[in-house]
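Heads up, the thing below is written out as structure tokens.
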Number of protein chains: 2
Amino acid sequence: MAATTRMTRQKKVIIDILKNTKSHPTADWIYEQARKIIPDISLGTVYRNLRLLTQMGEILELNYGSSYSRFDGNPLPHYHFVCEKCGRVFDVDLPIFSNLNQEVEAQTGFLVKNHRLEFYGTCLDCRQKS
Amino acid sequence: MAATTRMTRQKKVIIDILKNTKSHPTADWIYEQARKIIPDISLGTVYRNLRLLTQMGEILELNYGSSYSRFDGNPLPHYHFVCEKCGRVFDVDLPIFSNLNQEVEAQTGFLVKNHRLEFYGTCLDCRQKS
DNA sequence: ATAGGTGCAAATGTTTTGCTGTCAA
DNA sequence: TTGACAGCAAAACATTTGCACCTAT
């Protein structure tokens, strides 16, 4: 039997935090927020649930440009901007290149499931500070 | 004074390995290759040089989709395909979207220096195995 | 009732770093 | 000559996991 998914208090809180922030938080930030509601939640549980939710396609793991992952409560395809100064990740409002996967598939013979597009540079806040 | 760059035997070997492989090797793989030429080279030295070369723009660090980085001896802009089964990274022969950075810059007010585009899926070898 | 989830802490795996000695310029 | 770089090993860091207990179904 496929493993069923239980809706625990911990998972509910983690989903809630993730769906209600526009930032793309780290596991640690989510942990700190979650502790405000469930003081003895453990970091391991946060990681376990983030992995589960990622596998279920409920959230996205953004694991580029840094040594740690960030998570995105919006699983719909969209692109990102990474600030190289402060490390923050922003959504980029650009239409999806929906034919690109097929194009690469035709060219390579590989099975292409999805693609990611990230922009790197300096965000507005950091631009003004320098 | 800006730190000058010394061409050590170690650095030379690492550059040579990286420029002569089409794979996108991990630090550990580079280390193993380098040991065939300099048996007592240390992993720390490999990492130090990889970081240095990345900062100098000589090579690219590919740090997505996995817990460890891969390195690319070709610093010219190009896109990648990541196999989710075997973890290998392939070059994708697609023209660069050269106006995209400006487009995002205009839209966000951020300073956009570059972008990355990666495709995810199953490579030909892994497709045939399943 | 029971299997999937939790908290805790130890383990893991990759990458970085402190120190002392070495070598490229 | 000398300061950037090497080797070595320990530390740092994010993330995963083993275990005994707990709880959603």
Side-chain angles (χ1 to χ4, degrees), chain A residues 1-18 24-56 58-72 82 87-89, chain B residues 1-18 24-56 58-72 82 87-89:
Chain A
M1 284 295 103
T4 44
T5 287
R6 257 196 250 179
M7 184 50 65
T8 61
R9 199 157 90 85
Q10 289 79 349
K11 186 183 293 172
K12 203 175 294 179
V13 165
I14 290 168
I15 291 172
D16 202 59
I17 289 169
L18 221 32
H24 301 73
T26 62
D28 213 69
W29 186 88
I30 295 165
Y31 171 58
E32 290 306 329
Q33 301 305 307
R35 283 177 72 185
K36 293 178 183 171
I37 298 156
I38 308 177
D40 66 346
I41 193 172
S42 80
L43 187 54
T45 293
V46 171
Y47 274 107
R48 260 187 294 241
N49 277 304
L50 289 173
R51 186 146 51 114
L52 212 62
L53 291 167
T54 301
Q55 286 166 351
M56 291 166 55
E58 285 273 311
I59 65 173
L60 295 178
E61 180 178 2
L62 312 178
N63 52 0
Y64 30 71
S66 171
S67 55
Y68 46 84
S69 284
R70 290 173 171 273
F71 296 86
D72 191 333
V82 182
R88 280 189 293 171
V89 175
Chain B
M1 284 296 105
T4 44
T5 285
R6 259 197 246 177
M7 184 49 65
T8 60
R9 199 156 91 84
Q10 289 78 353
K11 188 183 291 173
K12 202 174 294 179
V13 165
I14 290 168
I15 291 173
D16 202 59
I17 289 169
L18 220 33
H24 301 72
T26 62
D28 212 68
W29 186 89
I30 296 165
Y31 171 59
E32 289 307 329
Q33 301 305 307
R35 284 177 70 184
K36 294 177 184 172
I37 298 156
I38 308 176
D40 66 345
I41 194 173
S42 79
L43 187 54
T45 293
V46 172
Y47 273 105
R48 260 188 295 243
N49 278 305
L50 289 173
R51 187 148 49 117
L52 212 62
L53 292 167
T54 301
Q55 285 166 353
M56 291 166 55
E58 284 274 312
I59 65 172
L60 295 178
E61 181 179 1
L62 312 178
N63 52 0
Y64 28 72
S66 172
S67 55
Y68 47 84
S69 284
R70 290 173 172 274
F71 295 87
D72 191 334
V82 182
R88 280 189 294 173
V89 175

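Both backbone and side-chain heavy atoms feed into the values below; hydrogens, waters and symmetry mates do not. In what follows, chains carry the letters A, B, and so on, assigned in the order in which the sequence lines appear, proteins first and then strands, with residues in each chain numbered from 1. None of the values given here were measured: they were computed from a predicted structure.
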Separation between CD1 (A:I37) and CD1 (A:I17), nearest 0.5 Å, reads 5.0 Å
Examine C:dG7: is either OP1 or OP2 under 4.0 Å from a nitrogen or oxygen in the side chain of A:R9? Give yes or no. no
If you round to the nearest 0.5 Å, how far is CG of B:L43 from CZ of B:R48? 10.0 Å
Strand-adjacent residues in residues 58-72 of chain A, judged by heavy atoms under 4.0 Å from DNA chain D: A:S67, A:Y68, A:S69
To the closest 0.5 Å, what do you measure between CD1 (B:I14) and CG (B:L50)? 5.5 Å
Counting only N and O atoms by type, is there a donor-acceptor contact under 3.5 Å from the side chain of A:K11 to the main-chain atoms of A:R6? yes
Spacing of A:L52 atom CG relative to C:dG5 atom C1', expressed in whole Å: 10 Å
Can you pull out how bent the helix from C:dA1-D:dT25 to C:dA25-D:dT1 is, comparing the axes over its first five and last five pairs, to 10°? 40°
Do A:R6 and D:dT23 share a donor-acceptor pair, side chain to base, under 3.5 Å? yes
Taking atom types as they are modelled, would you say the side chain of A:R48 forms a donor-acceptor pair with the base of C:dG5 within the 3.5 Å cutoff? no
Just so I know, are the side chains of A:R51 and A:Y47 near enough to count as touching, which here means a heavy-atom distance under 4.5 Å? no
Length of the line joining A:D28:CG and D:dC13:P, which is rounded to integer Å: 12 Å
About how many Å separate CZ of B:F71 and CG of B:N63, when rounded to the nearest 0.5 Å? 8.5 Å
B:I38 meets the side-chain contact (heavy atoms from CB on, under 4.5 Å) criterion, sequence neighbours left out, with B:R9, B:Q10, B:V13, B:D40, B:I41
With a 4.0 Å cut-off on heavy atoms, is B:N49 in touch with a base, just the backbone sugar-phosphate, or nothing at all? sugar-phosphate
Using a 4.0 Å cut-off on heavy atoms, which residues in residues 10-18 of chain A reach DNA chain D? List them by number, or say none. none
Rounded to the nearest 0.5 Å, what's the gap from CD1 on B:I30 to CG on B:D16? Could you check? 12.0 Å
Candidates A:D72, A:V82, A:L60, A:L18 - the one meeting side-chain contact (heavy atoms from CB on, under 4.5 Å) with A:H24: A:D72
So, for B:M7 and B:K12, which heavy atoms are closest and what is the spacing to 0.1 Å? CG-CE, 3.6 Å
Can you list, in residue-number order, the parts of residues 30-47 of chain B that come under 4.0 Å of DNA chain D, counting heavy atoms only? B:D40, B:I41, B:S42, B:T45
Mind listing the closest non-hydrogen atom pair of B:S69 and B:E61 along with its distance? OG-OE2, 2.6 Å
How would you list, by chain and number, every residue that makes a side chain to side chain donor-acceptor pair (under 3.5 Å) with A:E32, sequence neighbours excluded? none
If I take atom CD in residue B:Q55 and atom P in nucleotide D:dC5, what distance separates them, rounded to the nearest angstrom? 11 Å
In this structure, CG of B:L53 is separated from CD of B:E58 (nearest 0.5 Å) by 6.0 Å
